[in-house]
Number of protein chains: 2
Amino acid sequence: MDQVQLFNDYLRCKGLKTTSQRLIILETFLDSDCHFSTEELYLKLRTEYPKIGYATVHRTLKLFAECGIAAERNFGDGQARYEPIHGEEHHDHLVCTECGLILEFEEPQIEKLQESVAAAHNFTIDNHRLELYGLCASCAATAN
Amino acid sequence: MDQVQLFNDYLRCKGLKTTSQRLIILETFLDSDCHFSTEELYLKLRTEYPKIGYATVHRTLKLFAECGIAAERNFGDGQARYEPIHGEEHHDHLVCTECGLILEFEEPQIEKLQESVAAAHNFTIDNHRLELYGLCASCAATAN
DNA sequence: CGCGAAATTGAAAACGATTTTCAGAAAAAT
DNA sequence: ATTTTTCTGAAAATCGTTTTCAATTTCGCG
């Protein structure tokens with residue numbers, strides 16, 4: 001299903017309202033498919049829509065996370081980031097500690113091993129996070 | 001090598017000073033082998049050493065992380081946690097989202113798969129974090 | 001349509017964790 | 001012992017996030 005439709009349905013069923021701000025934020029968020037912090041998205045929006053406030057961006061990103069349009073991530077730089085979910089498989093991240101590049105990857109075998117680890121400890125897994133931190137190819141090449 | 005020795009050596013080589021507060025904090029930190037937030041360790045220390053300030057605990061935990069005595073972790077509850085490193089293998093965590101229980105596990109096969117993923121993307125891995133979130137056995141049993 | 005209840009907005013204030021400041025105290029060097 | 005340097009603790013500053021509140025907008029209903 002279309003993301004915008006999904007968002008509207010979510011708003012409807014929660015008794016929330018469709019506003020121009022929410023649609024603008026959704027569109028901008030989906031268009032540039034990267035890992036936004038609230039601040040970054042706010043600044044990007046501000047160039048074209050200077051009236052949209054920081055609080056609205058923040059609240060709207062939370063909404064996206066609630067309805068499954070976005071996932072909240074934290075890569076240890078002290079601010080939350082949101083990335084669009086397009087219904088694809090769960091994925092994890094490679095993060096370059098030098099330039100901030102973020103790559104995504106999937107590794108079903110790792111997922112399976114996680115399940116068996118959890119089972120061994122009688123845990124029921126809801127979700128997980130896996131991040132690999134290091135240097136990307138170009139930063140490793142330029143390394144001092 | 002003994003952790004206290006290691007800490008003293010680190011202080012020496014950095015031109016820092018050995019103080020009674022630092023030694024007390026180190027001892028308390030190592031003794032109770034769990035995942036402290038700054039707040040928690042501060043509160044625990046305060047019962048026996050009411051004169052030690054929050055800022056000192058915070059600064060000392062950062063020092064531990066710097067010299068490799070502790071690792072800083074973040075389990076998404078909004079505060080940093082520190083755990084002692086005893087030179088053992090790297091381990092990852094199972095976190096119960098209900099009661100906050102934290103279990104540690106090691107899974108060399110996952111580590112290997114991570115290496116191959118990184119290699120496939122020309123990344124050089126410095127470190128990683130893997131956390132599995134869900135319900136522990138007893139919380140799952142009591143589930144509403 | 002247009003009214004009215006209910007939700008939303010943006011600016012500013014509040015918040016919680018972390019970090020810094022600063023004057024006095026303590027530790028190491030001389 | 002004296003000097004220099006670092007450390008401490010309390011309080012203030014900072015940073016990202018969240019809430020408050022009055023004014024505005026949306027939307028169901030007549």
Side-chain angles (χ1 to χ4, degrees), chain A residues 4 7-26 28 35-67 70-82 100, chain B residues 4 7-29 35-67 70-82 100:
Chain A
V4 179
F7 185 51
N8 278 323
D9 288 355
Y10 181 78
L11 292 178
R12 177 110 13 96
C13 85
K14 286 282 185 179
L16 305 177
K17 292 174 175 171
T18 302
T19 66
S20 63
Q21 288 94 330
R22 283 176 177 166
L23 293 179
I24 288 168
I25 294 171
L26 178 56
T28 306
H35 301 77
F36 277 122
S37 66
T38 307
E39 175 90 21
E40 286 166 1
L41 183 51
Y42 167 67
L43 290 177
K44 178 174 175 95
L45 283 161
R46 201 172 58 170
T47 62
E48 199 165 351
Y49 309 95
K51 298 241 204 76
I52 295 183
Y54 184 96
T56 301
V57 176
H58 167 262
R59 285 182 287 226
T60 305
L61 282 172
K62 290 249 143 179
L63 268 183
F64 293 168
E66 264 174 54
C67 71
E72 187 176 333
R73 305 274 183 187
N74 193 307
F75 297 121
D77 63 347
Q79 45 183 20
R81 293 182 177 279
Y82 296 83
Chain B
V4 179
F7 185 51
N8 278 322
D9 288 356
Y10 181 77
L11 292 178
R12 177 109 13 95
C13 85
K14 286 282 184 176
L16 305 177
K17 292 175 177 172
T18 301
T19 67
S20 63
Q21 289 93 329
R22 282 175 177 167
L23 293 179
I24 287 168
I25 295 171
L26 177 56
E27 192 185 345
T28 306
F29 178 68
H35 302 75
F36 277 121
S37 66
T38 307
E39 175 90 22
E40 286 165 1
L41 184 52
Y42 167 66
L43 290 177
K44 178 173 175 99
L45 283 160
R46 202 173 56 170
T47 64
E48 201 167 351
Y49 308 96
K51 298 243 203 77
I52 295 183
Y54 184 97
T56 301
V57 176
H58 168 262
R59 285 182 286 225
T60 305
L61 281 172
K62 290 250 145 180
L63 267 183
F64 294 168
E66 264 176 53
C67 71
E72 187 176 335
R73 306 275 183 187
N74 194 307
F75 297 120
D77 63 347
Q79 44 183 23
R81 293 181 178 278
Y82 296 83

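Per chain, numbering begins at 1; letters A, B, ... match sequence-line order. Quick caveat, the model's predicted, so the values are computed rather than measured.
- A side chain to side chain contact (heavy atoms under 4.5 Å, CB included) with B:Gln21 holds for exactly one of B:Thr60, B:Leu45, B:Val57, B:Ile52; it is B:Ile52.
- In this structure the side chain of A:Leu63 reaches within 4.5 angstrom of the side chain of A:Phe7, judged on heavy atoms.
- Taking every heavy atom of both residues into account, A:Lys44 and A:Thr28 meet most closely at CE-CG2, 3.8 Å.
- Note that the OG atom of B:Ser37 and the NE2 atom of B:His58 stand 11.5 Å from one another [nearest 0.5 Å].
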Checklist entry - Could you run down nucleotides 14-23 of chain C 5' to 3' and tag each one B, S or - for protein heavy-atom contact under 4.0 Å? => result ---SBBBB--

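- In this structure, B:Phe29 has its ring center closer than 6.0 angstrom to the ring center of B:Phe64.
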Next on the checklist: Can you build the contact string for nucleotides 25-30 of chain C? Use B for base contact, S for sugar-phosphate-only contact, and - for no protein heavy atom under 4.0 Å.
Outcome noted: --BS--

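- Counting heavy atoms from C-beta on, the side chains of A:Leu43 and A:Glu40 never come closer than 4.5 Å.
- Between A:Tyr54 and A:Tyr42 the shortest heavy-atom distance is N-CE1, 3.4 Å.
- The span of DNA chain D lying next to chain A, judged by atoms under 4.0 Å from heavy atoms, is bounded 5' to 3' by D:dG16 to D:dC27.
- The structure places CZ of A:Phe36 at 9.0 Å from CG of A:Leu61, a figure rounded to the nearest 0.5 Å.
- Salt bridge status for A:Lys14 with A:Glu66: absent, with no side-chain N to carboxylate O gap under 4.0 Å.
- The two residues A:Lys17 and A:Arg22 make their nearest non-hydrogen contact at O-NH1, 2.7 Å.
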